2 protein chains.
Amino acid sequence: MSSPARNPLIRDREVAFLLYEVLDIERLCALDGFRDQGRELYDAVLQSARRLARDQLYPAYAEMDREPPVLRAGAVTVHPRMHALYPRLIELGLHTAARPEEVGGQGLPHTLTTLATAYLMAANASANGYVTLTAGAAHLIESFGSPALRETFMAPMYEGRWTGTMALTEPQAGSSLADVQSTATPTDGDHYLIRGSKIFISGGDHDLSENIVHLLLARIDGAPAGTRGISLFAVPKQRPSGAGLVPNDVHAAGLVHKIGWCGLPSMVMSYGEADDCHGWLVGEPHRGLSHMFQMMNEARIHVGMNAVATASVAYHESLAYAQTRLQGRPMGQKDPTQPPVPIIAHTDVRRMLLRQKAIVEGGLSLLARTALAMDLAAHASDADEREREGRLLDVLTPIAKSFPAERGFEANALAVQIYGGYGYSSEYPVEAWLRDQKLNSIHEGTTGIQGLDLLGRRTMAGGGAGMRALAGAILATVERARAAGVDGAWVTALGAAVDDAGRLTAELGQRGLSGDAAGMLRNSGDYLDLMGTLCVGWQWLEHAAAVAEAGQADDDFYQGKLAAAQYWFATEMPRVALLAARCRAGDDAFERVQPDWL
Amino acid sequence: MSSPARNPLIRDREVAFLLYEVLDIERLCALDGFRDQGRELYDAVLQSARRLARDQLYPAYAEMDREPPVLRAGAVTVHPRMHALYPRLIELGLHTAARPEEVGGQGLPHTLTTLATAYLMAANASANGYVTLTAGAAHLIESFGSPALRETFMAPMYEGRWTGTMALTEPQAGSSLADVQSTATPTDGDHYLIRGSKIFISGGDHDLSENIVHLLLARIDGAPAGTRGISLFAVPKQRPSGAGLVPNDVHAAGLVHKIGWCGLPSMVMSYGEADDCHGWLVGEPHRGLSHMFQMMNEARIHVGMNAVATASVAYHESLAYAQTRLQGRPMGQKDPTQPPVPIIAHTDVRRMLLRQKAIVEGGLSLLARTALAMDLAAHASDADEREREGRLLDVLTPIAKSFPAERGFEANALAVQIYGGYGYSSEYPVEAWLRDQKLNSIHEGTTGIQGLDLLGRRTMAGGGAGMRALAGAILATVERARAAGVDGAWVTALGAAVDDAGRLTAELGQRGLSGDAAGMLRNSGDYLDLMGTLCVGWQWLEHAAAVAEAGQADDDFYQGKLAAAQYWFATEMPRVALLAARCRAGDDAFERVQPDWL
């Protein structure tokens with residue numbers, strides 16, 4: 001494992017470039033909600049996050065990867081190092097930094113906190129996971145819970161004394177939440193009696209906090225079948241009783257042996273085996289899934305950022321390796337008595353590095369823009385802008401989740417490839433991040449589900465307003481780049497691609513409206529790939545515009561930006577037309593293939 | 001882990017289809033070398049291989065994956081189950097089946113033995129690895145060794161009493177064989193004294209056989225620098241002395257902790273620490289690398305088949321899972337009281353399965369055709385055909401190695417994806433094959449090296465004769481398909497793609513001849529991808545032709561073939577034009593990017 005000083009996880013200049021040159025986050029400070037904030041504050045927040053990430057989280061990563069939590073006698077013990085890290089993460093306070101002051105937060109922009117959190121994720125995704133999950137669960141109670149629930153559950157969760165989980169998936173139902181079978185029986189008191197079991201519950205049990213609150217989906221007795229009969233409950237491991245806490249019939253029934261994210265236990269949980277599991281309704285009955293979407297959407301963005309971060313740490317590690325590992329000679333240099341060169345001198349190694357860079361930095365930028373949409377949807381002074389940014393956020397969420405998960409897996413594989421045989425060994429760090437990355441295409445909605453969601457719902461929402469919001473944002477970048485004097489071919493290419501994506505979306509929508517939903521959605525995976533490629537092209541044009549505006553062409557950092565932009569426009573953007581053609585053709589091979597033919 | 005009875009590893013009908021309907025292997029029996037052979041013999045060979053694979057190798061896989069070999073006190077102990085399997089593999093005799101009778105073989109076609117071996121690889125790649133490596137090492141001695149060396153070393157290796165390795169890579173040199181530093185000092189006897197260290201030596205030490213013979217590259221004292229000063233030696237762990245064996249100063253210095261292929265130790269070896277390591281020259285001095293290419297070429301084909309086999313076993317496992325795992329409802333079925341359906345009912349799951357099938361069966365077919373080229377290059381009655389098939393074999397080798405390694409990794413990831421969260425757990429088998437697969441893009445020449453080799457040497461060889469041989473073989477299939485009445489769009493598409501590939505190859509060759517070798521080779525990775533996509537399209541058209549000739553359109557097996565062919569032509573073949581455009585454009589982003597920009 002490299003020394004933590006060497007791997008930056010994410011480069012500080014990259015984040016500064018995004019915040020202050022690409023997104024101009026300081027303009028947020030003119031808005032209600034962010035007044036009295038400024039770069040000094042933001043940089044201090046970033047600095048605290050970096051320090052914790054580099055000095056404490058990253059050095060613990062390899063050990064936590066090798067020694068996962070254990071379940072013994074119904075209780076999970078996590079890695080000893082996690083006991084030291086957890087209080088530091090809570091002290092850092094990034095999990096509440098974007099919440100308003102009245103619930104203990106700082107009211108900072110998501111754009112900032114998302115990027116600051118990325119350092120924690122790159123250093124040690126599992127360690128950060130406990131805290132991010134807790135914040136998401138507490139935010140559900142903040143949004144939908146009664147004042148009593150907020151006081152009882154939300155407050156200690158935001159304080160970090162208690163942690164939280166999202167308890168959706170059941171063993172028999174998997175992704176199909178319509179089939180949730182956990183039940184909630186009303187009682188004379190303010191609580192329900194919960195019965196059921198859940199699987200893949202991250203942080204479902206551990207020994208880090210006084211209590212664990214499961215935000216759990218269940219059906220109130222007599223509720224309708226399907227997703228419209230699901231309600232949301234807060235189900236603590238220990239329930240308040242008098243001045244203290246008593247066991248709440250919540251049990252760690254098993255531990256999933258994950259191949260990555262080894263520091264964060266994924267649990268099979270059992271609720272109400274003794275008919276004594278109390279749960280408190282959060283929000284309205286039967287609206288649980290709708291409420292839960294707040295946490296799911298947040299979680300999808302976190303997954304996307306984890307994917308970017310996991311690709312980023314591996315990119316930097318493989319870059320350092322390529323700069324120091326001596327092997328072979330440059331093409332054309334046939335004299336074997338000349339000394340070998342660092343492998344970065346080989347074109348194909350630079351190709352693998354530049355591809356990683358384009359994916360990592362393009363993905364980071366996409367996540368930052370998504371977070372900015374969260375901020376502007378809530379705080380922009382103009383109602384139309386809030387509406388547009390809300391639509392944009394909605395459309396970007398599955399893209400920001402899936403692009404980094406899918407292309408990040410490719411990037412992590414390239415990092416292994418650069419290490420060659422050493423990369424295939426657990427003595428070097430890159431294989432662990434490849435294992436970590438694979439989860440991101442699966443949890444919080446598989447890539448297949450994200451594609452259906454994007455094309456079937458989000459771009460079509462509001463009569464195509466979702467797609468229009470995205471196209472508008474991209475065209476604003478096209479204008480910015482044109483004004484800044486960016487390479488005209490890139491400006492034209494992005495403009496043409498967004499036009500084509502708009503037409504394609506309309507055509508597919510029309511196909512659906514005319515009754516051929518299967519034909520509309522058949523290539524939703526290709527559509528998602530197309531939109532990811534387009535949106536990352538958008539980011540690269542935005543970066544090129546910022547570089548052109550800065551006007552320091554010989555700066556290494558800027559040169560790298562332009563090289564990656566060039567790579568993306570030369571290599572990836574032509575895929576947009578290919579993918580659009582696939583979506584239009586809607587070839588029926590996998591539609592009509594029968595199970596017995598496979 | 002599924003019961004071995006359920007997972008076929010590779011379907012028997014698939015292999016019969018390839019041998020008897022696609023390739024018509026029985027026509028080989030008209031050639032000298034294969035007379036008196038026939039389908040009955042071939043089917044018996046396949047049946048023995050299947051039985052061993054399914055009944056013994058596969059059931060041992062998971063345990064061997066979990067408990068890798070250990071190195072203690074300088075000696076490696078392999079898994080106990082391997083001790084039971086090794087004698088069975090030797091008895092089966094597939095490792096010598098294609099060798100002539102005079103060295104203990106059966107003179108069977110490689111086409112047959114390669115497909116039979118694929119079952120062993122799918123069942124347990126590591127277990128088969130000991131035997132395949134031994135055969136490759138023995139074949140080197142058979143080809144280049146003196147009669148004395150053949151008697152001393154080759155004979156016990158083919159008999160399985162001794163095993164063999166290929167000992168090329170050194171820690172400091174990696175893929176750069178020009179930098180091999182191991183030395184060989186002449187002595188008064190018939191041997192040299194060997195000194196040096198090697199890394200990533202598969203099967204470099206173990207407790208399965210009486211002796212281990214390392215086929216090792218080293219420099220004779222005073223030899224020129226670079227690849228032209230490398231010689232090949234047989235370096236046994238124990239050397240013959242009188243009637244017995246004595247230690248030969250060969251030491252297991254370390255064990256690489258691989259993330260897959262866990263049943264086969266990858267060793268750091270040290271030779272001649274006490275200046276008492278005897279090595280015997282194999283072939284001519286300074287021609288060692290040229291000799292070793294025989295084993296490397298064979299090993300590349302084995303890697304390709306291992307990649308196909310590893311994708312195949314995962315494909316069948318995920319197919320069985322998709323047919324039985326109930327979850328969700330078909331699109332348009334909104335009634336949540338209806339029972340859930342097997343996930344194979346979901347279009348995107350079928351897409352992932354059909355994609356795996358297209359990669360696996362297309363890859364298997366490509367490897368079978370490559371093996372046929374080995375047979376025809378050696379045994380065709382017509383000298384021109386032998387020449388053409390030799391060229392074809394040369395061109396196909398890097399493609400047959402890399403396509404399955406790269407696309408197979410994607411296929412294995414799809415198998416994990418179909419399992420969802422369960423796929424991410426080591427309680428289910430699919431993640432292990434994903435780990436196994438990653439090695440195949442690295443060992444025996446990385447994908448980057450294969451691309452350079454294909455474009456820089458093999459398609460250009462003989463003034464473009466390599467490419468012409470490939471084009472000729474593909475155009476023969478175009479004719480066969482046209483005559484059989486296959487979908488005209490596919491026939492036209494493959495014809496156009498091979499024409500374009502030919503033109504592209506000529507253009508790139510011209511670029512090289514005019515002095516721009518860097519421009520010629522810049523997109524050699526894309527060129528390799530293009531050629532793999534084309535060659536697998538070739539296989540799918542060949543399958544479609546065989547199906548059309550059979551004339552039983554309602555047979556499930558044939559329907560599946562046509563669906564996969566349709567998928568490949570609709571989804572993958574359009575990438576040929578995209579990749580050709582990339583190669584022609586030769587964008588210089590990763591050529592000109594500087595280390596400090598990354």
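Values in this document were obtained by computation on a predicted structure and should not be read as measured data. Atoms considered below: every heavy atom in the structure, side chains included; atoms not considered: hydrogens, waters and symmetry mates. We name chains A, B, ... by the order of the sequence lines, and we start the count at 1 in each one.
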When the ring centroid of Phe200(B) is compared with that of Tyr422(A), is the distance short of 6.0 Å? yes
Under a 4.0 Å threshold between the charged nitrogen and the carboxylate oxygen, would Arg351(A) count as salt-bridged to Asp526(B)? no
Indicate yes or no: at least one non-hydrogen side-chain atom of Glu431(B) is less than 4.5 angstrom from one of Arg435(A). no
Out of Ala565(B), Gly421(B), Ala413(B), Pro224(B), which one racks up the most heavy-atom pairs below 4.5 Å with chain A? Gly421(B)
In terms of heavy-atom proximity below 4.5 Å to chain B, should Thr227(A) be classed as side chain, backbone, both, or neither? neither
Please report the shortest heavy-atom distance between Ser426(A) and Ile259(B), naming the atom on each side. N-CG2, 4.2 Å
Considering only heavy atoms, which portion of Lys258(B) lies under 4.5 Å from any heavy atom of chain A: side chain, backbone, both, or neither? both
Which of the residues Leu177(B), Ile449(B), Asp588(B) is involved in the greatest number of heavy-atom pairs with chain A at under 4.5 angstrom? Asp588(B)
Between Lys438(B), Lys357(B), Gln356(B), which residue shows the highest count of heavy-atom pairs closer than 4.5 Å to chain A? Lys438(B)
Counting heavy-atom pairs under 4.5 angstrom with chain A, the leader among Phe557(B), Tyr419(B), Trp261(B), Phe409(B) is Phe409(B)
Side chain, backbone, both or neither: which part of Leu578(B) has a heavy atom under 4.5 Å from chain A? side chain
Salt bridge (charged side-chain N to carboxylate O under 4.0 Å, His left out) against Glu170(B), all qualifying residues, sequence neighbours excluded: Lys198(B)
Is the number of heavy atoms from other residues, nucleotides or ligands within 6.0 Å of CZ (Arg228(A)) greater than 12? no
Nearest 0.5 Å please: distance from the OG atom of Ser175(B) over to the CD1 atom of Ile343(A). 9.0 Å
Could you look at Leu434(B) and say if it's the side chain, the backbone, both or neither that has a heavy atom under 4.5 Å from chain A? side chain
Quick one: which of Ala173(B), Ala581(B), Pro574(B), Gly226(B) has the most heavy-atom pairs under 4.5 Å with chain A, could you say? Ala173(B)
State, without any angle test, whether Gln417(B) and Ser441(A) hold a side-chain donor-acceptor pair at a distance under 3.5 Å. yes
Counting only non-hydrogen atoms closer than 4.5 Å, does Gln323(B) touch chain A with its backbone (N, CA, C, O), its side chain (CB onward), both, or neither? side chain
Identify which of Asp555(B), Leu439(B), Thr571(B), Thr446(B) forms the greatest number of heavy-atom pairs closer than 4.5 Å to chain A. Leu439(B)
Going by atom types only, do Gln594(A) and Arg350(B) share a side-chain donor-acceptor pair under 3.5 Å? no
Side chains of Tyr567(A) and Val593(B) in contact at under 4.5 Å (non-hydrogen atoms): no
Checking heavy atoms, do the side chain of Asp348(B), its backbone, both or neither come under 4.5 Å from chain A? side chain
Contact leader toward chain B among Leu452(A), Asp179(A), Leu326(A), where contacts are heavy-atom pairs under 4.5 Å: Asp179(A)
Taking the side chain as every heavy atom from C-beta outward, state whether Ile442(B) and Val416(A) have any atom pair closer than 4.5 Å. yes
Under a plain distance cut-off of 3.5 Å, with no hydrogens placed, do Asp596(B) and Gln559(A) share a side-chain donor-acceptor pair? no
